[in-house]
> 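What follows is a structure written as structure tokens; I'll ask about it next.
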Amino acid sequence: MGDFEELRIDEDAHPSHLAKEVMISLAAASGIALVELGLALTPGPNMMYLVSRSISQGWRAGMTSLSGTAVGFVVYMAMANLGLAAVFVVVPWLFIALKVAGALYLIWLAYKTIRPGGKSPFETSALPRDSAGKLFRMGLVTNLLNPKVAILYLALIPQFIDPSAGGVVAQGFQLGVIQILVGVAVNGAIILAAGSVATFLRRKPAWIRWQKWVTGTILGAIGVKLAIDAPSPVVSG
């Protein structure tokens with residue numbers, strides 16, 4: 001099976017050797033960071049919940065919910081990396097299929113972001129106050145049930161894994177850590193600024209259209225680039 005047989009040998013190597021030798025490239029790190037930035041700025045279940053809680057109950061409530069969201073990211077990262085690594089060894093063509101699916105999803109998400117009629121997550125609404133435990137649980141559950149996060153780990157992160165380098169699991173965890181750090185940082189900034197942003201956007205709604213076009217353009221450009229690169233062979237011999 002070519003590169004995937006080498007992958008199996010690498011995965012059986014000593015952990016210290018694996019950690020020393022297997023490092024993702026700067027291009028892969030930058031790529032997943034840019035993808036996560038675009039996704040984090042695109043309104044979805046996570047943003048809607050975090051912003052609504054921050055506006056109605058304060059930034060501390062938003063941060064408590066974000067801690068649950070971060071745990072959800074870690075759960076997805078562990079399940080996806082450990083499961084997909086074994087599948088790629090047995091079914092190498094699935095790697096290309098997931099890359100194509102991820103690219104198409106980014107293009108569809110770009111269209112959905114730019115099209116008219118979308119609702120801003122910064123529209124205020126009255127919500128009952130929740131305890132810290134419920135805020136954490138809701139942040140966790142909202143993230144685990146978020147289809148955008150599932151597609152991120154199952155179809156987008158594999159775009160930046162190089163099977164020929166070996167250590168698919170190690171690469172996946174490194175990419176996952178970068179995604180989590182970017183996601184938590186962006187969402188944390190949104191939580192802290194939620195109240196001010198909501199007021200600003202009520203006064204200047206044109207900025208919502210600008211944000212949608214910038215985010216949509218970034219996602220679309222990455223999707224097209226990944227779609228072009230996806231058919232490239234990942235196995236040899």
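If you read the sequence from its start, that first residue is 1, and numbering goes on from there.
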> Which pair of heavy atoms, one from Q179 and one from I32, lies closest together, and at what distance?
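Looks like CB-CG1, 4.3 Å.
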> Measure across G62 and L50 and return the closest heavy-atom pair with its distance rounded to 0.1 Å.
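In terms of heavy atoms, the two residues are closest at O-CD2, 3.8 Å.
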> Run the side-chain contact (heavy atoms from CB on, under 4.5 Å) check on T142 and T69 step by step: do they pass?
CA-CA 7 Å; T142 300; T69 300; 6.0 Å; no
> I want to check something: taking the side chain as every heavy atom from C-beta on, are I178 and E36 in contact at a cut-off of under 4.5 Å?
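When only atoms from C-beta onward are counted, E36 and I178 do not touch, as no gap falls below 4.5 Å.
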> Return the CE to CG distance between M47 and L41, rounded to the nearest 0.5 Å.
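Reported value, rounded in 0.5 Å steps: 6.0 Å.
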> Please round to the nearest 0.5 Å and tell me the distance separating atom CD1 of I157 and atom CD of Q174.
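I157 atom CD1 to Q174 atom CD measures 12.0 Å (nearest 0.5 Å).
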> State, to 0.1 Å, how close N143 and F73 come at their nearest heavy-atom pair, and which atoms those are.
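Smallest interatomic distance, heavy atoms only, reads ND2-N, 3.2 Å.
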> Which heavy atom of A194 sits nearest a heavy atom of V51, and at what distance?
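Shortest heavy-atom separation between A194 and V51 comes out as CB-CG1, 4.3 Å.
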> Between N81 (side chain) and V169 (backbone), is there a donor-acceptor pair under 3.5 Å?
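No: the side chain of N81 does not pair with the backbone of V169.
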> Which pair of heavy atoms, one from V186 and one from A40, lies closest together, and at what distance?
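Reported closest heavy-atom pair: CG1-CB, 3.6 Å.
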> Within the side chain of S65, is there an N or O that forms a donor-acceptor pair under 3.5 Å with the backbone of L135?
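Yes.
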> Which distance, rounded to the nearest 0.5 Å, do you find between the CG of L192 and the CG of L66?
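Nearest 0.5 Å value for the CG-CG distance: 9.5 Å.
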> Return the set of residues passing side-chain contact (heavy atoms from CB on, under 4.5 Å) with V177 (not counting sequence neighbours), or none when no residue passes.
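Once residues adjacent in sequence are excluded, the partners of V177 under the side-chain contact (heavy atoms from CB on, under 4.5 Å) criterion are M77, L181.
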> Supply the atom-to-atom distance M138 CE to D130 CG, rounded to the nearest 0.5 angstrom.
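Rounded to the nearest 0.5 Å, the CE-CG separation comes out at 7.5 Å.
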> Quick one: CG on L156 to CG on L175, what's the gap to the nearest 0.5 Å?
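These two atoms lie 11.5 Å from each other.
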> To the nearest 0.5 Å, how far apart are CG in N187 and CE in M63?
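If we round to the nearest 0.5 Å, N187:CG and M63:CE are 9.5 Å apart.
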> List the atom of I191, the atom of W59, and the distance in Å for their closest heavy-atom pair.
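That would be CG2-O, 3.6 Å.
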> Quick one: list whatever passes side-chain hydrogen bond (donor to acceptor under 3.5 Å, both in side chains) with Q57, sequence neighbours left out.
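So Q57 forms a side-chain hydrogen bond (donor to acceptor under 3.5 Å, both in side chains) with R53.
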> Between the side chain of Y76 and the main-chain N/O of L144, is any donor-acceptor distance below 3.5 Å?
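Indeed, once roles are kept as given, a pair shorter than 3.5 Å links the two residues.
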> State which residues pass side-chain contact (heavy atoms from CB on, under 4.5 Å) with S30; sequence neighbours excluded, sorted by chain then number.
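Listed in chain order: L26.
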> Short question: side chain of S67, backbone of T64 - any donor-acceptor pair under 3.5 Å?
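Flag set: sc S67 to bb T64 pair under 3.5 Å.
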> Would you please test I24 and F160 for side-chain contact (heavy atoms from CB on, under 4.5 Å) and show each step?
CA-CA 8 Å; I24 59 174; F160 303 97; over 6 Å; no
